[in-house]
2 protein chains.
Amino acid sequence: MRKKIRETTNDSLSLRLRLAGLRPTRQRSELANLLFRNGDRHLTAEILHAEAMAEGIKVSLATVYNTLHQFTQAGLLRQVVVDATRSYFDTNMGDHQHFYCEDEGALMDIPDSGIMVDASRFVPPAGTTVQRVDVVVRVKHS
Amino acid sequence: MRKKIRETTNDSLSLRLRLAGLRPTRQRSELANLLFRNGDRHLTAEILHAEAMAEGIKVSLATVYNTLHQFTQAGLLRQVVVDATRSYFDTNMGDHQHFYCEDEGALMDIPDSGIMVDASRFVPPAGTTVQRVDVVVRVKHS
DNA sequence: ATTTGTGCAAATCGTTTGCATCTGA
DNA sequence: TCAGATGCAAACGATTTGCACAAAT
């Protein structure tokens, strides 16, 4: 049979990476798989790295950091700042908000119904435009 | 004239510290003065430390950090998380929200009219209660 | 072949801590 | 007096970077 022109291994993830202008290297593809195969996720670099290790994926922590930032820049992830000591990344790029439980450091999406902050309700400082509006509902175990 | 029983040096700041259960030490009083004399402020430990130095106030950076946390715990300050790399403290304890300009790392109050997020609009995860709702409007120089 | 990514370990940066010394009540 | 504060420097933990090597196109 003839040589396959189009890459057979080119799953949708590789495609996504390509479209984002990122070479689908082994590490990036495997991390992308971890990140996106199971829908919405909120994780730190360390958590992702630990998961990768657990699945036998070889990546250094430094590469995980780099990759998360590249994905963020490419619009595949969103960085969520809730805790001064940790950086979370969210695979859900839709317009949504979060619950954050400080007790356990858990970040959760607010089920849709929720808060819609209407950007027209306020005027940004002179010379600036609104990038986005972050809403974090801080909760505590009661 | 008779000995003054009540401290003459007891300005409102020292009083505030006392009421908060904090000894009005020289450093705490002077930092409190810097923080509260000019109304609302948003600053990092480093900025406050630099200001103190500039005014000839002798405090170590470590003490500034400690003091900011003590004030926060005492309800005199609020810590605002907007940037993964810096911690801001806000002297405005009222219910309000912020603009954050990533370009210049500037944090500003949103003039009141603004956003009122109504906590009843959503249900916190089971077993938790809402602490507070943080809204950060991220803006960029255009 | 050339460009781009990766790994490691060292460097960085904000923040915290241990401990000896000082200070306010 | 003496519990509580402070200062310094060392410790810390998350993140980043420099550089030699490896992989993708």
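Naming: A, B, ... by sequence-line order, numbering from 1 per chain.
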* **Lys/Arg N to Asp/Glu carboxylate O, B:Glu104 vs B:Lys140, below 4.0 Å** => no
Can you tell me the distance, in whole Å, between the [atom1] atom of [X] and the [atom2] atom of [N]?
| X | N | atom1 | atom2 | value |
| --- | --- | --- | --- | --- |
| A:Leu17 | C:dG5 | CG | C1' | 13 Å |
| A:Lys58 | D:dA22 | NZ | P | 12 Å |
| A:His49 | C:dT6 | NE2 | P | 13 Å |
| A:Met53 | C:dG7 | CE | C1' | 12 Å |
| A:Glu30 | C:dG5 | CD | C1' | 14 Å |
| A:Ile47 | D:dT15 | CD1 | C1' | 15 Å |
| A:Leu68 | D:dA14 | CG | C1' | 13 Å |

Quick one: does any side-chain atom of [X] pair with a main-chain N or O of [Y] as donor and acceptor, under 3.5 Å?
| X | Y | answer |
| --- | --- | --- |
| B:Thr72 | B:Leu68 | yes |
| A:Ser142 | B:Gly127 | yes |
| B:His69 | B:Thr67 | no |

Are any non-hydrogen side-chain atoms of [X] and [Y] less than 4.5 angstrom apart?
| X | Y | result |
| --- | --- | --- |
| A:Glu51 | A:Arg41 | yes |
| B:Arg26 | B:Lys58 | yes |
| A:Asp90 | A:His98 | yes |

* Can you check whether A:Gln27 has a side-chain N or O nearer than 4.0 Å to OP1 or OP2 of D:dA22? -> no
* Asked: Are B:Thr63 and D:dT6 close enough that a side-chain N or O sits under 4.0 Å from OP1 or OP2?
  -> no
* Asked: Taking atom types as modelled, is there a side-chain donor on B:Asp83 or B:Tyr100 under 3.5 Å from an acceptor on the other?
  -> yes
* Same apolar cluster (I L V M F W Y, side chains within < 4.5 Å links), B:Leu34/B:Phe71 -> yes
* Between A:Phe99 and A:Arg138, is there a cation-pi geometry (under 6.0 Å to ring centre, at most 45° from the normal)? -> no
Distances under 3.5 Å only, N/O to N/O: pair up the protein atoms with those of nucleotides 16-18 of chain D.
unit_1	atom_1	unit_2	atom_2	d
D:dT16	OP2	A:His69	ND1	3.3

* **Crowding at CD, B:Gln73 (>12 non-hydrogen neighbours, <6.0 Å)** => no
Could I get a table of every N or O pair under 3.5 Å where one atom is in the protein and the other is in nucleotides 21-24 of chain C?
none

* Asked: Can you list, by residue number, the residues of residues 70-93 of chain B that have a non-hydrogen atom closer than 4.0 angstrom to DNA chain C?
  -> B:Thr85, B:Arg86, B:Ser87
